[in-house]
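The structure appears below as structure tokens.
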Amino acid sequence: MRKAMMSAAAAVLMALSGSALAAGGVEVPEREWSFEGVFGTYDRASMQRGLQIYKESCSGCHSLNLIYFRNLTDLGYTEAQAKAFAAEYEVQDGPNDEGEMYTRAAIPSDRFVKPFPNDNAARAGNNGALPPDLSLMVEARPGGANYLYALLTGYADAPAGTDMMEGMNYNNYFPGHQIAMAPPLSEDGIEYEDGTKATVAQQAEDIVTFLAWASEPNMEARKKMGIKVMIFLIVLTGILIAVKKRVWADVH
Amino acid sequence: MSTAPQWKNPVVRWVDERLPIFTYMDHEYNQFPMPRNLNYFWNFGALASIVLVVMIVTGIMLAMQYTPHVDHAFNSVERIMRDVNYGWLIRYIHMNGASMFFIVVFIHMFRGLYYGSYKAPRELLWMLGVVILLLMMATAFMGYVLPWGQMSYWGATVITNLFSAIPLVGEWIVTLLWGGFAVDNATLNRFFALHYLLPFVLVGVVGAHVVSLHITKSNNPDGIEMKGPQDSVPFHPYFTAKDSVGMGFFLIFFAFFVFFAPNYLGHPDNYIEANALVTPAHIVPEWYFLPFYAILRSITFDVLFIPAKLMGVILMFGSILILFILPWLDTARVRSAKYRPIYKYVFWVFLIDCIVLGWVGAQPAEGTALIIGQIGTFYYFIHFLVVMPVLGKIETPLPLPASIAEPVTGGGGGASAGAAAAKMEKS
Ligand code: HEM
């Protein structure tokens, strides 16, 4: 009875949560990621390449509003490097003592600069489609990193007979298959600073690793603490079991 | 049984003579007699209390950093996740704590169903438990709205709209819930206020639940009353030790989700900020609401003069309210399923029915899923309204043991004594 009830409890949990997640979307192939699993960490070199892709390609359309330049030290850059990266951008500040707004070079405590001042401007620049903010993209899609990778590598010619809407591109994994974003990655479309060969697959892996970090910058701290907490709890529970056995020895 | 302790410490004695909190604690948590044959399913009440405290502590810490305004709520939660020291930890504990709360409480309730813990003299104890479930649901629903993601917003819209099905006062209630004519800033503000308030109401009701428990004492797997000191052990150290073991395992389970799968039980759409112009493809509530959501959506036809929507709402609330009268719907004379050869299986059928309803709740309400949901809903109510009353009358219970101590110590007696006891219990 006790065992049966335990497994029933487990079954409830799995059945309910599993099905809740499976709702909607196309089946996405599973890949291996550096940040998966209990010991997973973000691959620094891959993230740095990802940042380069974001900067040179995606940032023309997509904002990354939740990230500050200071966060770039997470990617393995020094504070000076983060500062230099920020200084390439201009931000509006003010009002100054004369009451005027002015522009200045960005500093590490500024957020990433967005490509469009507002959603309407973004739509106007993209045939009416809104490029979403990428800060939480990996958490905000069922399938997470696997979905994003599949999306970025999943452009194809529309099957014969598909009625493509004006300005739309066929994608195997986008819900509904018609996406307003043109394929953002192309073979050797970027020259990596570290000399890595820029295949589409390589670029997709790098940008997704970077975006996974952007979605959850504290993941490494979380897992590291988790391992310590687990070890502590397992030892504690062992002790508690021993105590309980001693206490109950005279009852059974 | 219990003797008034002599307090040696003069300060303790001075206080105790004027306000006997020490004597009370000694009586209720030290000497308090517990059936000696309890299994680990009797840990879940203690676990639920632990989660309640965890939720209140982490909730207050979140509230110090959270901004209840439609323009800032989503980003203030992300600020907690990214920039507040250990904010991610606090939020993941609170977020997963809500799921843990329901897992623990559901197991706690099914334990009660299996062992007949709701039967006399524990009816009021059970009913207070149902009040706790309702309060938890209201609290969790409003808490889920606070991060102001897409599911927050659309879940709030769908669920608050249900009240409009109520004749005459429905529209008025919806406007009151919204504080306006749509889910908006006023809604978020009042939900935050209530989300802060209800857990403390919950503490009060849990208090009453526990006081009532200490009057009737715990039920046990045999479902027979303690007949003397040989049947019981004092709460301390026996159950402080046993509950601690349960707590250890539970915290491992809880920590696994917090540290290694913090978003597994959540929905990705809630990481998209609320947008009144974009409706998500599937609006699904949190997993713990799915069976009730399935019941709500299974009514796609009018019942006599009652429109389908209203009927769905009635059945959804009815599925919980019916638990209030379960002690009188169940006509059996023995409590525990251990001694009820047919109910033993009926229990599992009912549990599976609830799981199936949970699965249906996550599917779009169409096709086979809808039909399964309708059958599941039908059986849910048949279980309470027909099976429980009839079964108690036609089932012949197995002979009960003479006392709790007997099966535990394995000492003599045997079937004849058991049969005699069963007769006693019936009369
Ligand atoms: C009965 C206990 C409680 C339950 C079941 C509960 C449930 C929830 C749930 C489901 C969420 C949404 C989590 C998310 O998606 O982020 C939430 C959020 C929140 N809760 Fe609670 N809660 C409880 C107690 C409290 C208390 C006592 C407070 C403090 C006053 C509190 C403050 C908050 C705040 C500020 C949020 C929004 C921040 C966030 O989304 O992480 N909660 N709660």
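Just so it is clear, the model here is predicted, and its values are computed rather than measured. Residue numbers start from 1 in every chain, and the chains themselves are labelled A, B, ... in the order their sequence lines are given, proteins ahead of strands.
Contacts between B:Y92 and chain A at a heavy-atom distance below 4.5 Å involve the side chain alone, from C-beta outward. Only the side chain of A:Y68 comes within less than 4.5 Å of a heavy atom in chain B; its backbone stays farther off. Looking at B:F74, only its side chain comes within 4.5 Å of chain A, counting heavy atoms on both sides. If you measure heavy-atom distances from B:A255 to chain A, the contacts under 4.5 Å come from both the backbone and the side chain.
Of the listed residues (A:K223, A:R246, A:M230), the greatest number of heavy-atom pairs within a distance under 4.5 Å of chain B belongs to A:M230. Contacts with chain B were tallied for A:L66, A:I227, A:V229; A:L66 has the most, counting heavy-atom pairs under 4.5 Å. In terms of heavy-atom pairs under 4.5 Å with chain B, the best-connected choice from A:V243, A:I234, A:D133, A:L233 is A:L233. Counting heavy-atom pairs under 4.5 Å between each of A:G238, A:S135, A:A214 and chain B puts A:A214 at the top.
Put simply, the side chain of A:R141 never gets that close to the backbone of B:P268: no donor and acceptor are under 3.5 Å apart. Distance alone, capped at 3.5 Å, places no donor-acceptor pair between the A:R222 side chain and the B:V258 backbone. Not one N or O on the side chain of A:N218 forms a donor-acceptor pair closer than 3.5 Å with the backbone of B:W88.
If you take CD on A:E216 and CZ on B:R82, they are separated by 9.0 Å, rounding to the nearest 0.5 Å. B:F259 CZ to A:K224 NZ: the interatomic distance, rounded to the nearest 0.5 Å, is 13.5 Å. Of the inter-residue distances, the one linking B:K242 atom NZ with A:K245 atom NZ reads 12.0 Å to the nearest 0.5 angstrom.
A donor-acceptor contact under 3.5 angstrom links the side chains of B:Y238 and A:D250, judged on distance only.
For the pair B:S244 and A:L240, the tightest heavy-atom approach, listed with the atom from each and the gap, is O-CD1, 3.3 Å. Of all the heavy atoms in A:M225 and B:L89, the pair that sits closest is SD-CD2, 3.8 Å. For B:I272 against A:A140, the heavy-atom pair with the smallest separation is CG1-CB, 3.7 Å.
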Query raised in the report: Going through the distances and angles, do B:F249 and A:I241 end up as a side chain to side chain contact (heavy atoms under 4.5 Å, CB included)?
Result: CA-CA 10 Å; B:F249 281 107; A:I241 292 171; 3.8 Å; yes
Requested in this report: Apply the test salt bridge (Lys or Arg N to Asp or Glu O under 4.0 Å) to residues A:R70 and B:D83: give CA-CA distance (whole Å), side-chain angles for both, the deciding distance (0.1 Å), then the verdict.
Outcome: CA-CA 12 Å; A:R70 62 177 158 79; B:D83 294 328; 3.5 Å; yes
**Report entry** side chain to side chain contact (heavy atoms under 4.5 Å, CB included) assessment of B:F239 paired with A:V247
**Finding:** CA-CA 9 Å; B:F239 280 89; A:V247 168; over 6 Å; no
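Heavy atoms of other residues, nucleotides or ligands lying less than 6.0 angstrom from CD of A:E36 number more than 12. Heavy atoms of other residues, nucleotides or ligands lying less than 6.0 angstrom from CG of A:N118 number more than 12.
Residues A:W248 and B:V233 are in side-chain contact: their nearest non-hydrogen atoms beyond the backbone lie under 4.5 Å apart.
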